[in-house]
Protein chains: 2
Amino acid sequence: MKQKNPTGTVLYTIEQTIKEYRKISQKNIGKIVSDITVDQCLLLIILDKNSNYSQKEIAELIFKDNASITRIIELMVKKNYLTRKINELDRRKFNLEITEKGKKTIELLSPIINKNRQNALDGLSQDEMEFLDKILTKIILNCKK
Amino acid sequence: MKQKNPTGTVLYTIEQTIKEYRKISQKNIGKIVSDITVDQCLLLIILDKNSNYSQKEIAELIFKDNASITRIIELMVKKNYLTRKINELDRRKFNLEITEKGKKTIELLSPIINKNRQNALDGLSQDEMEFLDKILTKIILNCKK
DNA sequence: CGAATATAATTGATATATCAATTATAAAAA
DNA sequence: TTTTTATAATTGATATATCAATTATATTCG
């Protein structure tokens, strides 16, 4: 089944892929928890693994800039997913903590997220995924130099 | 050179790839024309190939929703890249036309865009790109079903 | 130490994304 | 032809993206 591609480059397909994946992911997440986005959920999961991340580090991990992170976290605090306290060791930073609601949300949504990933990658062999990753990493390096 | 990947899936790498590509593309475009974005430029190029596209069709081609396209086009008309007139055959639609400024911009930026693409895909063989496209298309279909 | 520099985060302005509701028009059905 | 349904685009509300400027704090260097 041929896809339209007005640019004729695989870069278009890459973009299309990630958009489709995000769309279905958000849809599935929304069925379980209505007031959270894919990225907010990823942020929770990342913080859950290491609660010492600064906002700046989180921004890098989920490919957002600091300004966006500031506002996303602000909303998540307002929605009671996170708490934020000044880091007394470095008062420029904040300590972020996941609330009970946040923890429950992770429990609820982790299986959904895994299912989303599995579904998206369904039918791909380990080799194919590794190859994919390798080529993409090459492109990333090309873009960085 | 290993990349960090907090999710452990190639989907993360896909997202990273497109973000890096867009970043460098925007940077290179901005050196030549300061008031245009990657997507606006793609929109011009698409319209240049077929001036009969409706806003809805354009939206699908560049993965945006109608509301975004309405506003993007509004800005592009304001910046004098496009003109917009009601389509008398179907008064729900508009005829979009590229202005002289728009045409000049395409001429200026087409080589840049090609260079961006070439640079990003530098060192990839034809086979690798085809394989990449094939795998990604598989993922897209997985997400759509 | 104190000045200069660097870093983390915020803020403001503007553009874009997303969803739902609305408007205008066209096409289909009764 | 009138009513119903479908389609194209807009609008409003809110979230996010991006860039530049700013604030507060830390670090470095003379």
Side-chain angles (χ1 to χ4, degrees), chain A residues 15-16 18-31 33-43 52-79 81-82 84-96, chain B residues 15-16 18-31 33-43 52-79 81-82 84-96:
Chain A
E15 177 134 17
Q16 186 179 6
I18 206 63
K19 293 245 172 161
E20 293 291 348
Y21 174 63
R22 292 183 73 93
K23 200 194 292 174
I24 184 72
S25 296
Q26 185 63 59
K27 195 173 153 195
N28 290 332
I29 284 176
K31 282 182 205 159
V33 179
S34 64
D35 69 343
I36 202 166
T37 66
V38 178
D39 289 323
Q40 288 174 6
C41 194
L42 184 54
L43 192 158
N52 295 317
Y53 284 131
S54 66
Q55 296 187 188
K56 189 174 158 52
E57 287 168 319
I58 292 172
E60 277 162 23
L61 283 170
I62 60 177
F63 314 126
K64 307 205 177 290
D65 76 346
N66 295 349
S68 294
I69 287 293
T70 292
R71 283 152 185 153
I72 289 171
I73 286 177
E74 209 173 301
L75 282 175
M76 291 181 77
V77 168
K78 198 179 292 173
K79 289 190 291 193
Y81 285 110
L82 294 177
R84 203 176 62 149
K85 297 188 194 117
I86 284 190
N87 180 336
E88 292 297 344
L89 296 178
D90 182 342
R91 298 177 52 82
R92 293 170 303 184
K93 298 186 183 178
F94 289 95
N95 295 324
L96 299 172
Chain B
E15 177 136 18
Q16 186 178 7
I18 206 64
K19 293 246 175 163
E20 293 291 348
Y21 173 65
R22 292 182 72 91
K23 199 193 296 176
I24 184 73
S25 297
Q26 185 63 60
K27 197 174 153 194
N28 290 332
I29 284 176
K31 283 181 204 160
V33 180
S34 65
D35 69 344
I36 202 166
T37 67
V38 178
D39 288 322
Q40 289 174 6
C41 194
L42 184 53
L43 193 158
N52 296 318
Y53 283 132
S54 67
Q55 295 187 190
K56 190 173 157 54
E57 288 169 318
I58 293 172
E60 276 161 24
L61 283 171
I62 60 178
F63 315 126
K64 309 208 177 286
D65 76 346
N66 295 348
S68 294
I69 287 292
T70 292
R71 282 151 184 153
I72 290 172
I73 286 176
E74 207 174 303
L75 282 174
M76 290 182 77
V77 168
K78 198 179 293 173
K79 288 190 291 191
Y81 285 111
L82 294 178
R84 203 176 63 149
K85 297 188 195 115
I86 284 192
N87 180 335
E88 292 297 345
L89 295 178
D90 182 342
R91 297 177 54 80
R92 292 170 303 182
K93 298 187 183 178
F94 290 95
N95 295 324
L96 299 172

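Chain letters run A, B, ... following the sequence lines, proteins first and then strands; every chain starts at 1. These values consider heavy atoms only, across backbone and side chains, with no hydrogens, waters or symmetry-generated copies.
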J.: Round to the nearest Å and state the distance from A/N87 atom CG to C/dT10 atom P.
T.: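 Atom-to-atom, A/N87 to C/dT10, this comes out as 13 Å.
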J.: Testing the basics here: between A/Q55 and A/R84, what is the closest heavy-atom pair and its distance to 0.1 Å?
T.: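 So the minimum-distance heavy-atom pair works out to OE1-NH1, 3.3 Å.
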J.: Please give me the minimum heavy-atom distance between B/T37 and B/Q26, naming the atom from each residue.
T.: CA-OE1, 3.3 Å
J.: Quick one: do A/E15 and B/R22 satisfy salt bridge (charged side-chain N to carboxylate O under 4.0 Å, His left out)? Show the steps, please.
T.: CA-CA 10 Å; A/E15 177 134 17; B/R22 292 182 72 91; 2.9 Å; yes
J.: Rounded to 10°, tell me the angle between the two end axes of the helix from C/dC1-D/dG30 to C/dA30-D/dT1, each built from five pairs.
T.: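 So the angle between the two local helix axes works out to 10°.
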J.: Roughly, in whole Å, what's the span from CZ in B/F94 to P in C/dT25?
T.: 10 Å
J.: Starting at NZ of B/K56 and ending at C1' of D/dT10, how long is that distance when rounded to a whole Å?
T.: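 For the pair B/K56 NZ and D/dT10 C1', the rounded distance is 14 Å.
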J.: Does this structure show an ion pair linking B/E74 with B/K78, if we count only N-O contacts that are shorter than 4.0 Å?
T.: no
J.: What is the separation between atom CD on B/Q26 and atom P on D/dC19, rounded to the nearest whole Å?
T.: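 Interatomic distance, CD of B/Q26 to P of D/dC19: 7 Å.
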J.: Between atom CE in A/M76 and atom P in C/dA9, what is the gap in whole Å?
T.: 16 Å
J.: Considering only heavy atoms from C-beta outward, does the side chain of A/Y81 approach that of A/V33 to under 4.5 Å?
T.: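 A/Y81 reaches A/V33 side chain to side chain.
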J.: Generate the contact string for nucleotides 11-18 of chain C. Rules: B means base contact, S means sugar-phosphate contact only, - means no protein heavy atom under 4.0 Å.
T.: BBB-SSBB
J.: Measure the shortest side-chain to side-chain distance between B/E60 and B/K56 over non-hydrogen atoms and say whether it is less than 4.5 angstrom.
T.: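 Sidechains of B/K56 and B/E60: in contact.
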J.: Does B/K93 have any salt bridge (charged side-chain N to carboxylate O under 4.0 Å, His left out) partners at least two apart in sequence or in another chain, and if so, which?
T.: none
J.: Does a side-chain N or O from A/R91 land closer than 4.0 Å to OP1 or OP2 of D/dT25, or not?
T.: yes
J.: Whole angstrom is fine here: how far is it from CZ in B/R92 over to C1' in D/dA6?
T.: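 Those two atoms, CZ and C1', are 8 Å apart.
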J.: Under the 3.5 angstrom rule, does the side chain of A/T70 hit a backbone N or O of A/N66 as a donor-acceptor pair?
T.: yes
J.: When the distance from CG of B/L89 to P of C/dT25 is rounded to whole Å, what number comes out?
T.: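 Rounded to whole Å, this separation is 15 Å.
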J.: Round to a whole Å and report the spacing from CD1 of B/I29 to P of D/dC19.
T.: 13 Å
J.: In the structure I gave you, are the side-chain heavy atoms of A/N52 and A/L96 within less than 4.5 Å of one another anywhere?
T.: no
